[in-house]
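Please read the structure below before turning to the comments.
Sequence positions, counted from 1, serve as the residue numbers for this chain.
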Amino acid sequence: MAERDSAPRAAERDGALRAYRALLGAQARSQAAYRTSFVVDLVGNLGATVFDVVTVLVIFGVTRELGGFTLRETLVVVGLSSCGFAAADLLVGNIERLPRYVRTGLFDAVLVRPLAALPQLLLMDLPLRKVSRAVFGLAVLLYALASAGIDWTPGRVALAVVAPPAAVVFFASVFVTTATVSFYWVDSGEMANSVTYGGRDFTSYPITVYGGWFRALFAYGMGFAFVSYHPALALLGRADPLGLPPWVGWASPGVALVAAAVAALAWRVGIRHYRSTGS
């Protein structure tokens, strides 16, 4: 009986995977149809990530340290942040269009299809042009790790492998969580952007440059300190100037999992709360 029950479920999963692959393939073909335009978009989308790195370089043009960190140490922080955010923006960033989908009634059409709503939304307009940002962010991280003079141990190698995906999961969770506000308040786009893109800017610098309630809110209340700052400290073998114990630098995967659980819960609750626009 159990085997007979599992067969239809397996067939249903296979059908869903084929549908998702078809959606992804259609997006890739449509975006690459005009090759010159696609290449121009790839190059143009480098701007935001390049600007983050250039800003740091300009700051170090007038100072030797930033919040107690040298340029090479700060580049590790920037690399983790840029790599994580750019990849998350590529994979789930278009979820920020959810307010428009809710307003126009397109989300109603998504819900009536026999597929999960979130994967559909992510694949409906996957911004492949943002691949260049993710590649550049990874390049910055690899350069930073190679030039920072890190005393490599098996543990630090493992952290260097795990921390970037943890940053991707964390930022992706922030994108999804803030997007769910549109189920309650359609005009929530600017507020969501202040958290997602504000979080990206926050994690691009050592958190020692911030102070007071602002640092407490973004760094630990929202968890952004575990994206790049604390992993960078652990990789560099530096004690935390703020006095937290060394093991905190290894907590980024756990924090990312908590953020993913919060995002999943917020999404499920938001879907249940959603009422059709009637369009």
Side-chain angles (χ1 to χ4, degrees), residues 49 52 67-69 73-74 76-93 95-96 98 118 134 137 141 144 156 158-182 188 190-236 238-270:
T49 307
D52 291 340
F69 287 74
E73 292 171 336
T74 303
V76 176
V77 176
V78 176
L80 287 168
S81 173
S82 298
C83 181
F85 184 87
D89 193 21
L90 167 66
L91 296 174
V92 305
I95 194 67
E96 64 187 3
L98 183 59
L118 184 57
L141 175 59
R156 286 184 182 137
L159 182 60
V161 172
V162 172
V168 176
V169 171
F170 184 89
F171 276 124
S173 301
V174 172
F175 270 111
V176 173
T177 302
T178 54
T180 61
V181 178
S182 61
S188 60
E190 293 302 322
M191 186 197 73
N193 289 343
S194 69
V195 177
T196 53
Y197 294 95
R200 177 200 63 187
D201 294 339
F202 182 89
T203 57
S204 295
Y205 304 94
I207 66 171
T208 49
V209 304
Y210 310 106
W213 66 267
F214 182 78
R215 180 171 65 198
L217 174 63
F218 267 82
Y220 301 107
M222 296 184 180
F224 284 105
F226 300 93
V227 171
S228 56
Y229 174 72
H230 283 298
L233 288 178
L235 289 169
L236 295 167
R238 283 198 52 168
D240 183 10
L242 301 177
L244 292 182
W247 63 263
V248 175
W250 307 81
S252 58
V255 173
L257 290 177
V258 171
V262 171
L265 177 62
W267 182 260
R268 286 196 296 268
V269 172

Do any N or O atoms from the side chain of Thr177 and from the backbone of Val174 form a donor-acceptor pair under 3.5 angstrom? no
Main-chain N/O of Gly137 paired to Ser82 side chain as donor or acceptor, under 3.5 Å: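 Here the side-chain-to-backbone pair does not exist.
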Separation of Glu73 CD from Leu235 CG (nearest 0.5 Å): 11.5 Å
Distance from Thr178 atom OG1 to Asn193 atom CG, nearest 0.5 Å? 7.5 Å
How far apart are the closest heavy atoms of [X] and [Y], and which atoms are they?
X      : Y      : value
Gly84  : Ala167 : CA-CB, 3.9 Å
Ala88  : Ala172 : CB-N, 3.6 Å
Val255 : Gly223 : CG1-O, 4.3 Å
Pro231 : Leu159 : O-CD2, 3.8 Å
Ser204 : Val78  : O-CG2, 3.1 Å
Val77  : Ala232 : CG2-CB, 3.7 Å

Would you say that [X] contacts [Y] through its side chain, given a criterion of any heavy-atom pair below 4.5 Å between the two side chains?
X      : Y      : result
Arg200 : Asp89  : no
Phe171 : Val92  : no
Arg215 : Phe224 : no
His230 : Leu244 : yes
Phe170 : Phe85  : no
Val248 : Asp240 : no
Pro164 : Leu80  : yes
Ile95  : Trp267 : yes

Within the 3.5 Å criterion, strictly below it, is a donor on Thr203 or Ser81 matched to an acceptor on the partner's side chain? yes
Evaluate Leu242 against Thr208 for side-chain contact (heavy atoms from CB on, under 4.5 Å), listing each step before the verdict. CA-CA 8 Å; Leu242 301 177; Thr208 49; 4.3 Å; yes
If we check ring pair (Phe, Tyr, Trp, His ring centres under 6.0 Å) with Phe202, which of these qualifies: Tyr197, Tyr229, Tyr220, Phe218?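 Of Tyr197, Tyr229, Tyr220, Phe218, ring pair (Phe, Tyr, Trp, His ring centres under 6.0 Å) with Phe202 is met by Phe218 alone.
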